[in-house]
Colleague: 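One structure follows; several queries about it will come next.
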Amino acid sequence: MSDHVRIGVLGAAMITPAAVIRPARSSTVAEVVAIAARSATRARAFADKHGIPRVHGSYEELLADPAVDAVYNPLPNGLHGKWTLAALEAGKHVLCEKPFTANAAEAATVAAAANASGLVVMEAFHYRYHPLAVRVDEIMRSGVLGPLRHVEASVCFPLPVFSNIRYDYSLAGGAMMDAGCYAVHMARLLGGEEPEVRSARALLRGPSIDRAMRASLRFPSGHTGSVHASMWSSTVFKLSMKAIGENGTLSVFNPLGPQTFHRLSLRLKNRSSAETFGRRATYAYQLDAFTDAVLHGKPFPTTADDAVKNMTAIDSIYRAAGLPVRQPTA
C-alpha cells in the first residue's frame, strides 16, 4: 500500500458511485477493488455495473480480505459505528459517511478506537474539502468580518418518499441526522467554537422522526447561531451558510455542491466581492484528502474527534426539541 489505496465498499448504497467510484477512476492512487452487500445478487449486479472486480458474500469477508486497505462505509446511520469499529479491528482505514454514528456516546467509542489504532478514520463531509469551504475557513480565520454576531446554516431539500431509510428511527434516521448534520457542521465551521443549543423545534413525520428541524445556538464568545434542516417542509430547497460580523457579512449559496451553481459573497464596510470556484466534484477532493492521509499521514479536518463534537451538538438539538437521541441499530 506504499503508493496505492485499495478500497472495499460495505453495501451497495446509491451514493457510492459519486462518493468513491467515479473519483477513484480519475485518481492515480485509489482503486475500488471489492464490495459486499446483504444481498449477493445485488452486490454482483452493482459490481458488474461499476467494474468492481471482487464481490464478497458478507461484510466480514470483505474486512478479512488482505487486498483491501481501506473501507468506505455508506451503510444506514445506525450501522456506521458498528462497522467502522469492525473495520478498525480488521486493520482497515475507514472513510465513513456522515453522520459518523447514531449518537455522541457511540462516536466517542469509535474515536477512541480510531485514535488507538493509528489508522485513518475520516467522516465524509465532502464539502469541507472543496476549495470553496477552504476559502470560507480562510476568511473566518482572517478576522476580516470583525467580532462575530451571528452565523447560520441551512440544508433543506425535498424527500417526500417516506419509506426511505432516512425516515426510519430504527436506522437512526431523521432530518437532523441526514441534512442537519451538514448544517451543524457548517455552523461550527463558521462559529469557530463548540455551540450551546438554546432551543430547537421539530416538524414530525412520526412520533420520533423529524422531517424538519430548526435550532438556536449560542457560542462561548457570545455570538449566536441557527441551523435549519429539512427533508420535507414548506422550505422546499435551501442550501446556504452565512456569517455576520461587525465589519461585514460572508454568504455562501450551495456550499454542498460547488460542481453545480454556487457563489461566495463577501460584503465589508468599504468593499464587496464575489467568488466562484472550479467545478471539480467535492468527492474528488475528499478522496484526495483521504488517500493523502493514508499514504502520507497528511492531517485533515473531519476527524473522529471532530465527529464527536458534531454528534454532541446533534444530540443536544434532539433533546432540546423533546425527541429521543438516536440509537445504534442492533
Colleague: Measure from NZ or CZ of Arg211 to the centre of the six-membered ring of Tyr167, then state whether that distance is under 6.0 Å and the direction lies within 45° of the axis.
Modeller: no
Colleague: Check whether the ring centres of Phe157 and Phe237 lie less than 6.0 Å apart, and answer yes or no.
Modeller: no
Colleague: Keeping to residues at least two apart or across chains, list the ring-ring contact (aromatic ring centres under 6.0 Å, His included) pairs with something in residues 173-197.
Modeller: Phe125-Tyr182, Phe125-His185, His126-Tyr182, Tyr127-His185
Colleague: Less than 4.0 Å between a side-chain N and a carboxylate O, is that true for Asp210 and Arg201?
Modeller: no
Colleague: Can you check whether Ile317 reaches Val227 side chain to side chain, under 4.5 Å on heavy atoms?
Modeller: yes
Colleague: Can a salt bridge be assigned to the pair Asp288 and Arg280 using a cut-off of 4.0 Å between side-chain N and carboxylate O?
Modeller: yes
Colleague: Between Asp305 and Lys309, does any side-chain N to carboxylate O distance fall below 4.0 Å?
Modeller: no
Colleague: Pro328 versus Asn103: any side-chain heavy-atom pair under 4.5 Å?
Modeller: yes
Colleague: Evaluate the side-chain hydrogen bond (donor to acceptor under 3.5 Å, both in side chains) criterion for residues Asn310 and Arg188: first the C-alpha distance (whole Å), next the side-chain angles of each, then the deciding distance (0.1 Å), finally the verdict.
Modeller: CA-CA 8 Å; Asn310 215 60; Arg188 292 177 52 240; 3.0 Å; yes
Colleague: Do Leu266 and Leu145 have side chains that get closer than 4.5 Å, going by heavy atoms?
Modeller: yes
Colleague: Is it true that Val5 and Tyr72 fall in one hydrophobic cluster, defined by side-chain heavy atoms closer than 4.5 Å?
Modeller: yes
Colleague: Treating Ile, Leu, Val, Met, Phe, Trp and Tyr as nodes and any side-chain heavy-atom pair under 4.5 angstrom as an edge, say whether Leu189 and Met122 lie in one connected cluster.
Modeller: no
Colleague: Let me see the working for Thr303 and Glu123 under side-chain hydrogen bond (donor to acceptor under 3.5 Å, both in side chains), right down to the final yes or no.
Modeller: CA-CA 6 Å; Thr303 62; Glu123 186 174 17; over 6 Å; no
Colleague: Counting only heavy atoms not in Arg25, do more than 12 fall under 6.0 Å of its CZ?
Modeller: yes
Colleague: Can you get from Phe162 to Met231 by hopping between Ile, Leu, Val, Met, Phe, Trp and Tyr side chains that sit under 4.5 Å apart?
Modeller: yes
Colleague: Heavy-atom count around Arg263 CZ within 6.0 Å, excluding the residue itself: above 12?
Modeller: no
